[in-house]
Protein chains: 2
Amino acid sequence: MAQSAARSNGGKQSRIQTENRALIMQAALDVFSTDGYRGATVDRIAERAGMSKTNLLYYYPSKEEIYRSAIEQTVEAWLDPFDAIDPDGDPIEELRRYITVKLKMSDQNPEASRLFANEVQRGAPLVGEFLSTRLKALVDEKVAVIRTWIDQGRLAPVDPYHLIFTIWATTQHYADFEVQVQAILGKQAKKPGFSEQVAHAVLSILLNGIRPR
Amino acid sequence: MAQSAARSNGGKQSRIQTENRALIMQAALDVFSTDGYRGATVDRIAERAGMSKTNLLYYYPSKEEIYRSAIEQTVEAWLDPFDAIDPDGDPIEELRRYITVKLKMSDQNPEASRLFANEVQRGAPLVGEFLSTRLKALVDEKVAVIRTWIDQGRLAPVDPYHLIFTIWATTQHYADFEVQVQAILGKQAKKPGFSEQVAHAVLSILLNGIRPR
DNA sequence: TCCAAATTTGACCAGTTAGTCAAGAATTTT
DNA sequence: AAAATTCTTGACTAACTGGTCAAATTTGGA
């Protein structure tokens with residue numbers, strides 16, 4: 001008599017539930033990240049997930065709920081490495097590590113990056129509040145850390161907010177504009193060592209700037 | 001008996017044609033840049049342009065044609081300042097100027113930036129060929145210029161391709177992620193001198209890096 | 001094995017979509 | 001001012017959209 005895959009039974013999920021929810025999330029990530037929320041269709045997500053639309057709606061009650069789930073998952077993964085920036089670590093090393101991790105995320109899960117980008121470009125109808133509350137608080141916290149580092153002379157006197165934006169912009173660019181990067185670099189962008197090459201180049205620029213040294 | 005606003009009469013456009021096409025392009029930019037190609041509706045564009053859908057389709061024969069027009073317009077404006085990078089100028093000054101212009105474009109016409117971002121994120125179905133032919137050629141040309149500058153010791157030895165990507169990423173971030181920037185910076189991001197502040201911060205980081213100096 | 005619960009699906013519905021058509025209103029040309 | 005042209009619109013269509021429903025099929029525990 002169950003009308004939908006209820007989460008009411010203590011959060012327990014059957015094997016099939018776990019599998020199918022994972023399939024749906026991956027498909028949702030693919031479709032939402034390329035077509036956007038409005039442009040995506042439940043049918044297309046279902047097809048990509050290899051099941052009927054009706055069955056998909058058995059696991060997630062609506063298109064909006066699928067989207068919400070995908071976004072939440074993405075945001076969490078996104079926050080972790082930022083939160084991990086250690087006030088007691090070496091500034092350059094901490095930022096190097098953060099940039100490296102973010103570049104790796106862009107490389108390994110570009111769909112998630114594009115999904116988030118799309119959400120923000122739409123005006124952040126879903127994550128708007130998250131941005132101005134939780135994310136803002138976390139950014140303010142890290143900005144304070146960076147300021148301390150600057151005051152101690154361990155970092156150049158740059159605006160901490162814009163430093164963070166610059167890091168986000170640069171690292172996510174390789175996911176969001178993947179097609180453009182590949183069009184310009186050609187097959188080179190698909191070779192094994194490419195992500196390391198990107199990391200090296202980006203780190204070199206952000207850490208040292210482009211003035212001759 | 002004319003069934004559509006033909007461009008067959010030698011390219012001449014009446015006053016009404018010019019006005020309405022401009023209205024439609026601005027509306028298309030707004031709607032496509034937030035909802036994406038698939039998510040946008042002709043009805044919504046027409047409403048934003050202040051005319052009936054039927055009338056809009058009198059000026060542009062299809063949704064795809066509206067989109068194509070908007071994209072082409074955007075790409076042209078986008079290419080100009082890049083092309084203007086002068087091999088005979090001072091490297092730092094040339095890049096400073098380019099970055100400044102791009103930041104100004106992001107500030108004054110964020111919709112265009114988001115439209116292009118969206119197109120590329122979708123897999124660049126329309127501009128894909130442009131990216132791998134005309135843009136690639138132009139980038140290769142500028143990369144050669146940057147290499148010369150580096151060989152002459154007038155620029156730090158950074159990877160030219162990734163330098164260009166970094167500039168694109170950073171400057172466009174302020175348009176594409178406008179909502180996020182505003183959520184984190186608050187009203188500060190709406191004050192008059194903000195775009196100059198952004199320019200100063202971004203230039204400081206890209207030109208000098210973040211290592212203490 | 002047997003059965004209750006969980007899973008899966010096709011048929012269906014109401015609303016939306018891009019685009020057509022014919023006719024009316026405004027504008028320009030003569 | 002009359003005619004020709006350009007502009008504008010409401011009514012319509014066929015395809016697609018998110019979501020429902022009842023009935024079938026599969027699964028896992030006793």
Side-chain angles (χ1 to χ4, degrees), chain A residues 1-25 27-28 31-32 34-71 122 125-126, chain B residues 1-25 27-28 31-32 34-71 122 125-126:
Chain A
M1 191 184 273
Q3 281 294 26
S4 72
R7 292 256 205 108
S8 45
N9 52 344
K12 267 178 257 174
Q13 281 186 23
S14 72
R15 174 185 58 87
I16 294 176
Q17 285 232 1
T18 312
E19 280 175 15
N20 279 348
R21 281 182 189 273
L23 279 174
I24 293 169
M25 274 301 103
V31 175
F32 280 129
T34 58
D35 292 341
Y37 178 73
R38 297 188 98 100
T41 70
V42 178
D43 256 317
R44 195 184 289 266
I45 297 171
E47 190 190 12
R48 182 83 61 128
M51 66 185 73
S52 69
K53 180 177 63 166
T54 322
N55 201 24
L56 187 147
L57 287 168
Y58 168 72
Y59 289 101
Y60 291 88
S62 70
K63 178 182 177 180
E64 200 185 327
E65 213 47 52
I66 307 168
Y67 184 71
R68 187 189 311 278
S69 245
I71 282 278
R122 286 205 307 142
L126 217 99
Chain B
M1 194 181 275
Q3 282 295 26
S4 70
R7 293 257 203 110
S8 45
N9 52 344
K12 268 178 254 173
Q13 280 185 24
S14 73
R15 174 185 56 87
I16 294 175
Q17 286 232 3
T18 312
E19 280 175 14
N20 280 348
R21 281 182 188 272
L23 279 175
I24 293 169
M25 274 301 104
V31 175
F32 280 129
T34 58
D35 292 341
Y37 178 73
R38 297 188 97 100
T41 72
V42 178
D43 257 317
R44 195 184 288 265
I45 298 172
E47 190 189 13
R48 180 84 60 127
M51 66 185 72
S52 69
K53 180 177 63 166
T54 320
N55 202 24
L56 186 148
L57 287 168
Y58 170 71
Y59 289 101
Y60 291 88
S62 69
K63 178 183 176 179
E64 201 185 324
E65 214 47 53
I66 307 168
Y67 184 72
R68 186 190 310 278
S69 245
I71 282 277
R122 286 206 305 141
L126 218 99

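Heavy atoms only: backbone and side chains are in, while hydrogens, waters and symmetry mates are out. Chain letters run A, B, ... following the sequence lines, proteins first, then strands; residues in each count from 1.
Per the geometry, CZ belonging to B:R15 stands 9 Å off C1' belonging to C:dT27, to the nearest Å. Taking atom NZ on B:K63 and atom P on C:dT17, their separation rounds to 9 Å, with Å as the unit. Atom CD1 of B:I16 is separated from atom P of D:dC7 by 6 Å (rounded to the nearest Å). Going from atom CG of B:L57 over to atom C1' of C:dC21 covers 13 Å, rounded to whole Å. One atom, CD of A:E47, and another, C1' of C:dT8, lie 17 Å apart when rounded to the nearest Å. Protein atom OH of B:Y60 is 14 Å distant from nucleotide atom P of D:dT8, rounded to whole Å. Counting to the nearest Å, the P atom of D:dG19 and the CZ atom of A:R44 are 17 Å from each other. Between the C1' atom of D:dG10 and the OH atom of B:Y58 lies a distance of 18 Å, rounded to the nearest Å.
Within the 4.5 Å cutoff, the side chain of B:I24 has heavy atoms near those of the B:M51 side chain. A heavy-atom distance below 4.5 Å is not found between the side chains of A:E47 and A:D43. Between B:V31 and B:Y67, the closest side-chain pair of non-hydrogen atoms is not below 4.5 Å.
A donor-acceptor contact under 3.5 angstrom links the side-chain atoms of A:T54 to the base of C:dG10.
Judged by the 6.0 Å distance and 45° axis criteria, B:K63 is not positioned over the aromatic ring of B:F32.
Within 4.0 Å (heavy atoms only), B:T41 reaches sugar-phosphate atoms of the nucleic acid but no base atom. As judged by a 4.0 angstrom heavy-atom cut-off over every strand, B:A40 is placed among residues touching the sugar-phosphate backbone only.
Taking for each of A:L56 and A:K53 the nucleotide of DNA chain C with the nearest heavy atom, the 5'-most of the two is the partner of A:L56.
You'll find that the side chain of A:V42 is closest to D:dG18, out of D:dT9, C:dT9, D:dG18. The side chain of A:Y59 approaches C:dT7 more closely than any other nucleotide in the set C:dT9, D:dC7, C:dT7.
Taking side-chain N and O atoms only, A:Q17 has no distance below 4.0 Å to OP1 or OP2 of C:dA6. For the pair A:S62 and D:dG18, the criterion of a side-chain N or O lying under 4.0 Å from OP1 or OP2 is not met. Using a 4.0 Å cut-off, some side-chain N or O of B:N55 falls inside it from OP1 or OP2 of D:dT9. Checking the phosphate oxygens (OP1, OP2) of D:dT17, no side-chain nitrogen or oxygen of A:R38 falls inside 4.0 Å.
In this structure, B:E65 pairs ionically with B:R68, as a charged nitrogen and a carboxylate oxygen lie closer than 4.0 Å.
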